[in-house]
Novice: 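Starting off with a structure, shown below.
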There are 2 protein chains.
Amino acid sequence: MSAGGKITSIDVARLAGVSQSAVSRVFTPGASVAPKTAAKVRAAAKALGYRPNSLARAMITGKSRIIGLVVAYLDNQFYPVAIEKLSHALQNKGYHVLLFMASNTAGEMERLMEDLLAYQVDGIITASVAISNDVTRRCADAGIPLVMFNRGQPGSGLSSVTSANALGGRKVAHFLVAGGHRRIAHISGWQGASTGRDRARGLFEGLAEAGLEPHAAIDGLYDRATAAAAAHHMMQAATPPDAIFVGNDHMAFAVIDALRAIGLRVPQDVSVVGYDDVPMAAWGAYDLTTVRQPLARMVEATVETLLAQIEDPARAAQSIEIDAPLILRGSARQPGEAP
Amino acid sequence: MSAGGKITSIDVARLAGVSQSAVSRVFTPGASVAPKTAAKVRAAAKALGYRPNSLARAMITGKSRIIGLVVAYLDNQFYPVAIEKLSHALQNKGYHVLLFMASNTAGEMERLMEDLLAYQVDGIITASVAISNDVTRRCADAGIPLVMFNRGQPGSGLSSVTSANALGGRKVAHFLVAGGHRRIAHISGWQGASTGRDRARGLFEGLAEAGLEPHAAIDGLYDRATAAAAAHHMMQAATPPDAIFVGNDHMAFAVIDALRAIGLRVPQDVSVVGYDDVPMAAWGAYDLTTVRQPLARMVEATVETLLAQIEDPARAAQSIEIDAPLILRGSARQPGEAP
DNA sequence: GCCATCTTTGCATACGAATGCATTAAAACA
DNA sequence: TGTTTTAATGCATTCGTATGCAAAGATGGC
């Protein structure tokens, strides 16, 4: 039915018997058009199947209404779900998401940045811990509003939205101590980024408050294999830990698998606690006690912050932390349960 | 350092002492420019931090080099991983991905389509089984090349890339029969789309070849809760199945959880086979025997088909099926093992 | 019914880059 | 060296829409 040929506002104008400007105004919220004219135009537009060309509009207005979303690995279920919610939220605000998969090779990053700028994105969200500092800096230098999701960068002057990672780590410490654990180890998230560091720090502080030292601590690099190896290694020590706090759920699953593989029972032999509360954490096979990142609120805050910065570029960057509750499930012995 | 102010080809031209056309040609592969001029221009461009504006370029050329990627739910790990690979493949070809999350409400879909067209995408990939037929039709009507990933639509004249679903189902039938199972049930993928139907059909045909009838069959709608309920229901029958083929891994995990929850052992009491071979299928907690969708090859075929159609719009649609091998793990009793 | 005020509307231009055409500079050839 | 061919460049126009400005129309007050 509709020909493949491009239909422009001029075609619509011709059919409706008005000027091109009139057509434009009908599709520009807040512009001055007589209701009668608008009706004619809309009718003509519908008849022709006309759609305003967003790209042309972007040129004129200088706003593309495109947000660049930079992510790295989607294996960790936390990110797909975050992407889903971010997309929806942005779509609701009339923005669209240009997706960039970032491999972390230097050359790739370079190209990615170029592309991000070339497409005139109005703002950027980096939804991955593994984005290099350098990249975030360059985006900011280019004057494009940027919000880091699930990662902070202290002193960078960039906005970020995270859960209260340190507090979350501390909650885990208190919970495990209250549950009677005394040899509490940590397989941390990558220590190259604040997220992993803060969770570790929180744990250690919490332990210190109870007069405990961390029994062991290894950087799991957010990598399943690394985490599994770390767990394996810890359990072969002369005095193995009686609980392991793992830096995120994604690694925690690998840790549980690794423990079971060597015949250990969770939580009878070792308690395991994760961080994120991805949907999978609630699944029967893992039933993971974990700290919930309140995704909906984090997304809301991210979008709100970004759009505010787009509207007012002079606005100061903000670092938002959202409280993360501990979710009790079966992978860790609870206070009052028999050891 | 670089001012937020927009730098255009005219600025570069001025600094390099050439015309705007010259600058354009330097950044247009295949255009005729003297090496000396190119060098001057590149130097000036670098000095100013100039990047060609993709949006402006898109207007002139009529090609945005943007691909619309429409997805629905990202809970099923198959899709995030697919998105990751699709993005990378398209980025390598110089395309970019505009991501659309489709809730399946009618109104939403309408808006989504409008947006897809408004952004002048060069092509569309629908990476979800749950996209309505209607939507795909309308994209095609608009004359935009479209490839359906992981779903076919027989007789639609649209391109699709899937694994050989029917054959996959048949492989499962043969495998389960060879393993000594006789009461083989199916919790299928959504029967509203070809993917789920073909897998079911393949299973049934395979069973028929062995002189067997399906022991039971319920539509799991690709939904965890539905699948779990179905499994529960099946096992409470007077003669429960001794094997269940589940329409995808995502549901299969739920089924295994449900079975274990009522004290059944997998595979000793019931064998479970999935479809997809998502990374999680290999994890210790499930160790799922499943049919592997060869993601890399599917992505490759999808991108290739789409780009071919973009280059030559007259090109006929094609339905590509890629062979899917059965991956043997621990969730199903194997031929030769004791029952 | 007339003038002041507020809406509508069209005209013309701008956004930033690509490209056909004509012109000029350089290279190739005799 | 002169002429033909080829490569390089600039000019002007184009893509589709938004918007300032001025003119025209509608509305209201008295």
Side-chain angles (χ1 to χ4, degrees), chain A residues 3-42 44-45 48-66 94 114-115 117-122, chain B residues 4-42 44-45 48-66 94 114-115 117-122 142:
Chain A
K6 310 261 151 203
I7 293 127
T8 76
S9 58
I10 297 187
D11 300 322
V12 176
R14 196 161 11 231
L15 178 58
V18 297
S19 73
Q20 180 268 326
S21 334
V23 177
S24 170
R25 282 189 255 262
V26 170
F27 290 95
T28 306
S32 163
V33 210
K36 203 185 54 175
T37 312
K40 275 195 303 185
V41 169
R42 280 186 207 288
L48 295 176
Y50 168 74
R51 302 272 75 232
N53 182 326
S54 298
L55 269 36
R57 173 177 287 176
M59 280 203 50
I60 285 290
T61 62
K63 318 248 102 229
S64 63
R65 299 194 78 79
I66 294 178
E114 307 275 289
D115 293 353
L117 301 179
Y119 275 93
Q120 315 289 110
V121 297
D122 287 346
Chain B
K6 309 261 149 201
I7 294 124
T8 75
S9 59
I10 297 187
D11 300 322
V12 177
R14 193 157 19 227
L15 179 58
V18 297
S19 73
Q20 179 268 325
S21 335
V23 177
S24 170
R25 282 189 255 262
V26 170
F27 290 95
T28 305
S32 164
V33 210
K36 202 185 55 174
T37 312
K40 273 195 303 184
V41 169
R42 281 186 206 289
L48 296 175
Y50 168 74
R51 302 275 76 232
N53 182 327
S54 298
L55 270 36
R57 171 177 288 176
M59 280 204 51
I60 283 289
T61 61
K63 318 248 103 230
S64 63
R65 298 195 78 79
I66 295 178
E114 308 274 290
D115 293 353
L117 300 179
Y119 275 94
Q120 313 292 108
V121 297
D122 287 347

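The chains referred to below are lettered A, B, ... by the order of the sequence lines, with proteins before strands, and numbering in each begins at 1.
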Novice: Please enumerate all residues that pass salt bridge (charged side-chain N to carboxylate O under 4.0 Å, His left out) together with D11(B), with sequence neighbours excluded.
Specialist: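 D11(B): salt bridge (charged side-chain N to carboxylate O under 4.0 Å, His left out) contacts with R14(B).
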Novice: What is the distance from CG of D11(B) to P of dC15(C), rounded to the nearest Å?
Specialist: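 About 11 Å, once rounded to whole Å.
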Novice: Which nucleotide in the set dG10(C), dG10(D), dA12(C) lies at the smallest distance from any side-chain heavy atom of S19(A)?
Specialist: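 Nearest listed nucleotide: dG10(C).
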Novice: What integer distance in Å separates R51(B):CZ from dA17(C):P?
Specialist: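 Going from R51(B) (CZ) to dA17(C) (P), I get 11 Å.
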Novice: Find the distance L55(B):CG to dC15(D):P and express it as a whole number of Å.
Specialist: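 Going from L55(B) (CG) to dC15(D) (P), I get 18 Å.
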Novice: Within less than 4.0 Å of OP1 or OP2 of dT17(D), is there a side-chain N or O belonging to S24(A)?
Specialist: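 It does not, given that no N or O in the side chain of S24(A) lies less than 4.0 Å from OP1 or OP2 of dT17(D).
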Novice: So does Y50(B) get a side-chain nitrogen or oxygen closer than 4.0 Å to the phosphate oxygens (OP1/OP2) of dG16(C)?
Specialist: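 Checking dG16(C) against Y50(B), no side-chain N or O comes under 4.0 Å of OP1 or OP2.
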Novice: What are the atom names and distances for every N/O pair under 3.5 Å that joins the protein to nucleotides 21-28 of chain C?
Specialist:
none

Novice: Is there a residue in residues 59-66 of chain A whose heavy atoms reach under 4.0 Å of DNA chain D, and which residues are they?
Specialist: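 Of all residues in residues 59-66 of chain A, the ones placing a heavy atom under 4.0 Å from DNA chain D are I60(A), T61(A).
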Novice: Let me check something: any side-chain donor-acceptor pairs from residues 50-64 of chain B under 3.5 Å, sequence neighbours excluded? List them with distances.
Specialist:
residue, atom, partner, partner atom, Å
R51(B), NE, E114(A), OE1, 3.2
R51(B), NH1, E114(A), OE1, 2.9
R51(B), NH2, E114(A), OE1, 3.2
N53(B), OD1, L55(B), N, 2.8
N53(B), OD1, A56(B), N, 3.1
S54(B), OG, A118(A), O, 3.4
R57(B), NH2, F27(B), O, 3.2
T61(B), OG1, R57(B), O, 2.9
T61(B), OG1, K63(B), N, 3.2
T61(B), OG1, K63(B), O, 3.3
S64(B), OG, I66(B), N, 3.2
S64(B), OG, Q120(B), O, 2.7
S64(B), OG, D122(B), OD1, 3.3

Novice: Measure from CG on N53(A) to C1' on dT14(D) and round the result to the nearest Å.
Specialist: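 Distance, rounded to whole Å: 14 Å.
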Novice: Has S21(B) got a side-chain N or O lying under 4.0 Å from the OP1 or OP2 atom of dG10(D)?
Specialist: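 For S21(B), the contact criterion (side-chain N or O under 4.0 Å from OP1 or OP2 of dG10(D)) is not met.
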Novice: Checking all strands, does V23(A) fall into the base, sugar-phosphate, or nothing category for heavy-atom contacts under 4.0 angstrom?
Specialist: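 It contacts nothing in the nucleic acid.
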Novice: Where is the tightest heavy-atom contact between I7(A) and L48(A), given as atom of each residue plus distance?
Specialist: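 Smallest interatomic distance, heavy atoms only, reads CD1-O, 3.0 Å.
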Novice: Below 3.5 Å is the cut-off: list the nitrogen or oxygen pairs between protein and nucleotides 4-8 of chain C, distance only.
Specialist:
residue, atom, partner, partner atom, Å
dT8(C), OP2, S32(A), OG, 3.1

Novice: Measure from the side chain of Q20(B), starting at C-beta and using heavy atoms only, and say which of dA12(D), dT17(D), dG16(C) lies closest.
Specialist: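 Among the listed nucleotides, the one closest to the side chain of Q20(B) is dA12(D).
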Novice: Which residues pass the side chain to side chain donor-acceptor pair (under 3.5 Å) test with R42(A), not counting sequence neighbours?
Specialist: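 If we apply the side chain to side chain donor-acceptor pair (under 3.5 Å) test to R42(A), skipping adjacent residues, there are no hits.
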Novice: Locate the shortest heavy-atom distance separating S9(B) from Q20(B); write the atom from each residue and the value.
Specialist: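 Here S9(B) and Q20(B) meet closest at OG-CG, 3.2 Å.
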Novice: Without decimals, in angstroms, what is the distance between F27(A) CZ and dA18(D) P?
Specialist: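 Atom CZ in F27(A) sits about 9 Å away from atom P in dA18(D).
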Novice: Using whole Å, report how far CG of L48(A) lies from P of dG16(D).
Specialist: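 That distance rounds to 14 Å.
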Novice: Among residues two or more places apart or on two chains, list those pairs meeting salt bridge (Lys or Arg N to Asp or Glu O under 4.0 Å) that have a residue in residues 15-36 of chain A.
Specialist: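 For residues 15-36 of chain A: none.
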Novice: I need the OH-C1' distance between Y119(A) and dA17(C), as an integer number of Å.
Specialist: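 Rounding to the nearest Å, OH of Y119(A) and C1' of dA17(C) are 14 Å apart.
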Novice: Measure CD1/I10(B) against C1'/dA14(C) and give the value in whole Å, please.
Specialist: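 Between C1' of dA14(C) and CD1 of I10(B): 11 Å.
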